[in-house]
2 protein chains.
Amino acid sequence: MKLYQMGLAPNPRRLNMFLSEKGIEVPKVEVDTRKREQFDDAFIKINPMRQIPALELDDGTVLTESVAICHYFEGLHPEPNLLGRTPLEVATIMMWERRMEQHGIMPVADAFRNGNPFYEGQAVSGGRPLPQIPELAERGLARIDHFYELLDGFLEGKEWLATDRITLADITAFVAADFAKVVGKRPPENLPNLTRWYSAIKERPSAKA
Amino acid sequence: MKLYQMGLAPNPRRLNMFLSEKGIEVPKVEVDTRKREQFDDAFIKINPMRQIPALELDDGTVLTESVAICHYFEGLHPEPNLLGRTPLEVATIMMWERRMEQHGIMPVADAFRNGNPFYEGQAVSGGRPLPQIPELAERGLARIDHFYELLDGFLEGKEWLATDRITLADITAFVAADFAKVVGKRPPENLPNLTRWYSAIKERPSAKA
């Protein structure tokens with residue numbers, strides 16, 4: 001088994017945090033997206049969508065999409081549990097995870113990919129070459145402010161987003177907030193629930209994974 | 001149990017198709033987004049994110065996000081199976097489902113929400129009021145053409161996207177392709193794998209659910 005990834009990028013990072021929380025170790029192969037190694041022929045054979053992470057199993061089967069890979073490992077090693085034990089808990093965690101993608105990961109990605117000169121002509125991950133849209137970068141920045149306010153509200157009176165323990169929903173939201181520094185949007189310190197929750201995750205060993 | 005939904009909209013529709021394929025009937029309450037009923041106070045109490053579908057359980061618990069609700073029903077009624085029986089199958093179906101969202105549902109949503117005058121000021125579902133970005137509508141249209149070519153390639157030599165039977169991945173892709181008519185992008189007839197697969201799903205009773 002081999003995990004193609006790059007720790008700095010948000011999708012590999014949430015998978016790395018997930019694996020760290022579960023105590024699972026997987027041999028890793030670095031794909032340096034700063035050198036556009038995901039476009040090398042060798043990697044395109046592994047993932048024709050040219051995205052990381054990608055998990056290659058011993059029989060050559062390749063899984064992509066960070067959340068799908070999380071579900072694979074959760075199925076093999078259900079505890080410590082990060083994706084739910086009952087149908088209702090599974091659905092609740094998935095609901096929160098998707099909200100965090102829509103309102104956290106996506107605005108950060110919109111701002112970064114449409115605003116950073118490095119991505120000129122590559123504004124959509126995994127897609128064909130496409131020009132950047134500066135207005136979409138602007139919209140992303142405005143939505144990140146909203147994301148922080150939303151998160152603070154969601155965390156009112158709750159330790160974690162979805163249930164009584166950390167789950168993939170928290171990991172996704174944390175990675176979005178932590179990565180937002182690349183577009184100059186660190187979590188504001190005047191939102192008390194957000195600050196408490198963010199600090200609690202930042203101190204976990206998985207945040208350094 | 002009550003399902004708040006509107007059959008014409010893509011996210012409720014993929015849940016309806018999923019339930020129909022599984023033979024599950026749930027009492028439905030129509031929320032007419034053409035009349036902006038998702039912004040009514042009564043509905044905001046059910047889903048503060050102002051999105052459909054939303055499933056209200058008998059104890060008042062509310063689940064949102066169509067894919068999360070699918071996982072809830074799959075957990076309660078695993079057969080006929082649409083989300084996988086083993087960890088590898090679950091992850092494979094989820095990988096394909098997410099690819100179909102990224103390259104199908106999202107471009108159609110970008111084109112529709114940023115190009116249709118009805119959504120002026122509401123360009124992002126579930127978010128705060130935001131202006132439309134005409135260039136994003138254009139980019140969505142270009143990406144839909146790419147989506148059809150991608151799908152045709154993915155379906156080369158395969159009956160279904162993820163495994164040996166219809167799954168949520170096929171439903172998501174079909175709903176994206178079928179909804180693209182609202183932006184004038186019906187599936188082109190010169191792509192043989194796409195045409196075969198699309199016609200096969202169109203004939204299933206669930207396509208009328």
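So that the names make sense, note that chain A is the first sequence line, chain B the second, and so on, each numbered from 1.
Heavy-atom distances place no part of A/Leu55 under 4.5 Å from chain B, backbone and side chain included. With a 4.5 angstrom heavy-atom cutoff, A/Leu130 touches chain B only via side-chain atoms. When heavy atoms are compared at a cutoff of 4.5 Å, A/Leu150 approaches chain B solely by way of its side chain, counted from C-beta outward. Contacts of A/Val124 with chain B are made by side-chain atoms alone, with heavy-atom separations under 4.5 Å and no backbone atom involved.
Put simply, of B/Ile69, B/Leu76, B/Val67, the one with the most heavy-atom pairs under 4.5 Å next to chain A is B/Val67. Counting heavy-atom pairs under 4.5 Å between each of B/Gly75, B/Ala68, B/Pro48 and chain A puts B/Ala68 at the top.
Counting only heavy atoms from C-beta outward, the side chains of A/Leu155 and A/Leu161 approach each other to under 4.5 Å. Counting heavy atoms from C-beta outward, B/Leu88 and A/Leu57 have side chains that approach closer than 4.5 Å. At least one side-chain heavy atom of B/Val26 sits less than 4.5 Å from a side-chain heavy atom of B/Phe73. Between B/Leu194 and B/Pro188, some side-chain heavy-atom pair lies under the 4.5 Å cut-off.
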Open item on the list: Between B/Leu151 and B/Met100, is the side chain to side chain contact (heavy atoms under 4.5 Å, CB included) condition met? List the steps.
Closed with: CA-CA 9 Å; B/Leu151 253 183; B/Met100 296 305 108; 3.9 Å; yes
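Shortest non-hydrogen contact noted between B/Ala177 and B/Pro187 is O-CD, 3.9 Å. A pairwise comparison of heavy atoms in A/Phe147 and A/Ala173 identifies CZ-O, 3.9 Å as the closest pair.
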Present all donor-acceptor pairs from chain A to chain B with distances below 3.5 Å, rounded to 0.1 Å.
unit_1, atom_1, unit_2, atom_2, d
A/Asn47, OD1, B/Arg99, NH2, 3.2
A/Gln51, NE2, B/Gln102, OE1, 3.3
A/Thr64, OG1, B/Arg99, NH2, 3.2
A/Glu65, OE1, B/Gln102, NE2, 3.0
A/Glu65, OE2, B/Gln102, NE2, 3.0
A/Glu97, OE1, B/Arg98, NH2, 3.4
A/Arg98, NH1, B/Glu101, OE1, 3.1
A/Arg98, NH1, B/Glu101, OE2, 3.0
A/Arg98, NH2, B/Glu97, OE1, 3.4
A/Arg98, NH2, B/Glu101, OE2, 3.0
A/Arg99, NH2, B/Asn47, OD1, 3.3
A/Arg99, NH2, B/Thr64, OG1, 3.2
A/Glu101, OE1, B/Arg98, NH1, 3.1
A/Glu101, OE2, B/Arg98, NH1, 3.1
A/Glu101, OE2, B/Arg98, NH2, 3.0
A/Gln102, OE1, B/Gln51, NE2, 3.3
A/Gln102, NE2, B/Glu65, OE1, 3.0
A/Gln102, NE2, B/Glu65, OE2, 3.0
A/Asn114, OD1, B/Arg139, NH1, 3.1
A/Arg128, NE, B/His146, NE2, 3.2
A/Arg128, NH2, B/Glu149, OE1, 2.5
A/Pro131, O, B/Arg139, NH1, 3.4
A/Arg139, NH1, B/Asn114, OD1, 3.1
A/Arg139, NH1, B/Pro131, O, 3.4
A/His146, NE2, B/Arg128, NE, 3.3
A/Glu149, OE1, B/Arg128, NH2, 2.5

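For the atom pair CG of B/Leu82 and SG of B/Cys70, the computed distance is 8.0 Å after rounding to the nearest 0.5 Å.
Considering only residues two or more places apart in sequence or on other chains, B/Val182 meets the side-chain contact (heavy atoms from CB on, under 4.5 Å) condition with B/Phe112, B/Phe179.
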